[in-house]
Amino acid sequence: MEKIKMTTPLVEMDGDEMTRILWADIKKELLEPYIDLKSEYYDLGLPHREKTRDQVTVDSAEATKKYGVAVKCATITPNAQRVEEYQLSQMWKSPNGTIRAILDGTVFRAPIMVKGISPVVKNWKKPITIARHAYGDVYKNSEFQPKGPGKAELVFTAADGKETRQTIFDFTAPGVLQGQYNTDRSITSFAHSCFQYALDSRQDLWFATKDTISKQYDHRFKDIFQEVFDAEYKEKFETAGITYFYTLIDDAVARVIRSEGGFIWACKNYDGDVMSDMVSTAFGSLAMMTSVLVSPEGNYEYEAAHGTVTRHYYRYLKGEETSTNPMATLFAWTGALEKRGELDGLPALRTFARKLEGAAIAVIEGGVMTRDLSALWEGEDPAQPVTSKDFLKAIRAELESAL
């Protein structure tokens, strides 16, 4: 068959370790034989981020603003051990945090559900979508370690020079302190994204923070959501037959566990990070989760919502075959291709992306899967755990028949 043409490039953000290997295998096995793939490539692997002093991460985010659609591989956020391992000049910040700070917006994450693998929470019948605020908070924090006694203060200097001071703590010994922020503008964009996504998908929207403890910071999120809802979305939600409600995050956790799923759970940045891992694991695997960042300007960045699978990478370096689940990485590509096709008016590209997703799901439902899923398999016939490469080859065979 003739390769499907693209008119506008995707922004391609390569990553680290085992997911970087899978990234190349997916392109070679499932994309390049069928698509005249156009991408503007950025290497976000840690060695190249070190070489460019992380400028490549900034450049990739700016390119996403230019082209509108990006696809990102999993990347390393270095800790002290990684600094030593990769001989880094400094402990570079999370590339996801940097990209999200530039693009702003909201990350929507939802599980990839397949027949034969039931959620750990048995009453979950429908996907739970996590809507995670993608700006500020702990991911853009400032931190300090007092080495001895002293007073920590929160100081705000207004444009006219007037200072407001508030004592955080009087230290009598060494400790740690942290400052974080957000903006009304970003919170408002977060609210609009969540309400619009709920309308588009016809799902109820839940929002939860800890406003009883954080009486100004978290309460500001709660107030803005309610103001935006009352002003622009209340009647639309009633017409669509869906609901919005706010609750404390403690209560939300209990409600989520007892629910059947099928709704959107909006969370602040860190809450969404943790809860999306919880939801994805309970539905089957961290590698069975779609993730897309939607910016207020209508830019999209699709990514795998898990780590770089370091343990498998070390085995790969020893020449061993691994059974690493590529589904989240594959669905990042299909999501980006489908959106590129939508924006550019390329129905063939959109159809291909949907058929590739269908082929991947069909392979698993047929009993062939990576080892992380085989332990969860509940099908009538025994699961057939295979290596990553054999799994991709099985998807290609299924895709060929679908095409």
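Starting from 1, each residue takes its place in the sequence as its number.
- Between the side chain of S186 and the backbone N or O of N182, no donor-acceptor pair lies under 3.5 Å.
- Residues P385 and T370 form no side-chain contact, since every pair of their non-hydrogen atoms from C-beta on lies 4.5 Å or further apart.
- Looking at R255 and D251, a side-chain N of the basic residue comes within less than 4.0 Å of a carboxylate O on the acidic one, giving a salt bridge.
- Between F207 and F245, the distance from one ring center to the other does not fall under 6.0 angstrom.
- The neighbour count for E84 CD, taken as heavy atoms of other residues, nucleotides or ligands under 6.0 Å away, does not exceed 12.
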(request) Could you give me the CA-CA distance, side-chain angles and deciding distance for K210 and D250, then say whether salt bridge (Lys or Arg N to Asp or Glu O under 4.0 Å) is met? (result) CA-CA 8 Å; K210 192 71 171 177; D250 317 56; 2.7 Å; yes
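- The stretch residues 39-77 participates, sequence neighbours left out, in no ring pair (Phe, Tyr, Trp, His ring centres under 6.0 Å) pair at all.
- Salt bridge K222/D211: present, at least one basic N to carboxylate O contact under 4.0 Å.
- Around CD of Q216, the count of heavy atoms belonging to other residues, nucleotides or ligands within 6.0 Å does not exceed 12.
- A donor-acceptor contact under 3.5 angstrom links the side chains of D54 and T57, judged on distance only.
- Shown here are the side-chain hydrogen bond (donor to acceptor under 3.5 Å, both in side chains) partners of N325, two or more places apart in sequence or in another chain: D372.
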Which atom pairs, donor and acceptor, lie under 3.5 Å between side-chain atoms of residues 232-241 and protein residues at least two apart or in another chain?
from, atom 1, to, atom 2, distance (Å)
Y233, OH, H192, ND1, 2.8
T239, OG1, E235, O, 3.0

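- Side chain of T19 to main chain of G15: no donor-acceptor pair is present (N/O by atom type, distance under 3.5 Å, no hydrogens or angles).
- Paired with K268 under the rule side-chain contact (heavy atoms from CB on, under 4.5 Å), one option of V138, D218, D273 passes, and it is D218.
- A donor and an acceptor atom, one from each side chain of D344 and T8, are located under 3.5 Å apart.
- Ionic pairing of K339 and E342 is present here: one or more N-O contacts between side-chain nitrogen and carboxylate oxygen are shorter than 4.0 angstrom.
- Side chains of E153 and T167: a donor-acceptor N/O pair is absent below 3.5 angstrom, by distance only.
- Legend: salt bridge (charged side-chain N to carboxylate O under 4.0 Å, His left out) pairs involving residues 359-368, not counting sequence neighbours: none detected.
- Looking at T290, its side chain does come within 3.5 Å of a backbone N or O of A110 through a donor-acceptor pair.
- The shortest side-chain heavy-atom distance between T329 and H306 falls under the 4.5 Å cut-off.
- In this structure a side-chain-to-backbone donor-acceptor pair under 3.5 Å is present from S323 to V386.
- With respect to the salt-bridge test (charged N to carboxylate O, under 4.0 angstrom), the residues K66 and E62 do not qualify.
- In terms of the side-chain hydrogen bond (donor to acceptor under 3.5 Å, both in side chains) criterion, residue partners of K72 (sequence neighbours excluded) are, by chain and number, T75, N96.
- Taking OG1 of T7 as the start and CZ of R340 as the end, the distance is 7.0 Å to the nearest 0.5 Å.
- By the neighbour-count criterion of 12 heavy atoms within 6.0 Å, atom CD of Q145 is sparsely surrounded, having that number or fewer from other residues, nucleotides or ligands.
- Annotation: ring-ring contact (aromatic ring centres under 6.0 Å, His included) contacts of F108 (sequence neighbours excluded): Y197.
- Counting heavy atoms from C-beta outward, T77 and K93 have side chains that stay 4.5 Å or more apart.
- Partners of Q196 by side-chain hydrogen bond (donor to acceptor under 3.5 Å, both in side chains), not counting sequence neighbours, listed by chain and number: D200.
- K389 is not listed as a side-chain neighbour of E29, based on a closest heavy-atom distance of 4.5 Å or more.
- Counting only residues at least two apart or on different chains, no ring pair (Phe, Tyr, Trp, His ring centres under 6.0 Å) pair has a member in residues 73-98.
- In the model, R258 has no side-chain atom that pairs as donor or acceptor with a side-chain atom of N123 under 3.5 Å.
- In this structure a side-chain-to-backbone donor-acceptor pair under 3.5 Å is missing from D381 to G367.
- At least one donor-acceptor pair closer than 3.5 Å links the side chain of K125 to the backbone N or O of K122.
- For residues 307-352, every residue pair satisfying the ring pair (Phe, Tyr, Trp, His ring centres under 6.0 Å) rule, not counting sequence neighbours, is listed here: W23-W333, Y34-F352.
- Taking CG of L346 as the reference point, atom CD1 of I4 lies at 9.5 Å (rounded to 0.5 Å).
- In summary, the side chains of T334 and E357 do present a donor paired with an acceptor at a separation below 3.5 Å, with no hydrogens or angles considered.
- Remark: side-chain polar atoms of T351 are not paired, donor with acceptor, to backbone N or O of A348 under 3.5 angstrom.
- Side chain to side chain, T310 and R82 meet the donor-acceptor criterion of an N or O pair below 3.5 Å.
- With a 4.5 Å cut-off on side-chain heavy atoms, Y246 and W206 do not count as touching.
- Under the rule for a ring-ring contact (aromatic ring centres under 6.0 Å, His included), the partners of W124 that lie at least two apart in sequence or sit in another chain are F283.
- Rounding to the nearest 0.5 angstrom, the gap separating the CG atom in L88 from the CD1 atom in I76 is 8.5 Å.
- Residues T129 and Q203 form a side-chain contact, since some pair of their non-hydrogen atoms from C-beta on lies under 4.5 Å apart.
- Looking at E50 and S89, their side chains do bring a donor and an acceptor atom within 3.5 Å of each other.
- Within 6.0 Å of atom NZ in K318, 12 or fewer heavy atoms from other residues, nucleotides or ligands are found, so the atom counts as exposed in its surroundings.
- Residues meeting the ring-ring contact (aromatic ring centres under 6.0 Å, His included) test with Y300, sequence neighbours left out: none.
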(message) Apply side-chain hydrogen bond (donor to acceptor under 3.5 Å, both in side chains) to residues S118 and E378 and explain how you reach the verdict.
(response) CA-CA 8 Å; S118 300; E378 299 172 341; 2.6 Å; yes
(request) Test side-chain contact (heavy atoms from CB on, under 4.5 Å) on I102 and T98 and set out the steps. (result) CA-CA 6 Å; I102 294 171; T98 299; 4.3 Å; yes
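- For the residue pair H133 / D137, no side-chain donor-acceptor distance below 3.5 Å is found, with atom types taken as modelled.
- T64 contributes a side-chain N or O that, together with a main-chain N or O of S60, makes up a donor-acceptor pair within less than 3.5 Å.
- At distances below 3.5 Å, at least one donor-acceptor pair connects side-chain atoms of S295 with backbone N or O atoms of N299.
- In this structure, the side chains of K3 and I35 stay at 4.5 Å or more apart for every pair of heavy atoms.
- Ring to ring, Y217 and Y181 are not that close: their centroids are 6.0 angstrom or more apart.
- Two residues are said to be in side-chain contact when any heavy atoms from C-beta on lie closer than 4.5 Å; D16 and P47 meet this criterion.
- Here N141 contributes atom CG and Q178 contributes atom CD; the two are 4.0 Å apart, rounded to the nearest 0.5 Å.
- Between the side chain of T106 and the main chain of V294, no donor-acceptor pair closer than 3.5 Å is present.
- Among residue pairs with one or both ends in residues 104-113, those qualifying as salt bridge (charged side-chain N to carboxylate O under 4.0 Å, His left out) are R109-E303; sequence neighbours excluded.
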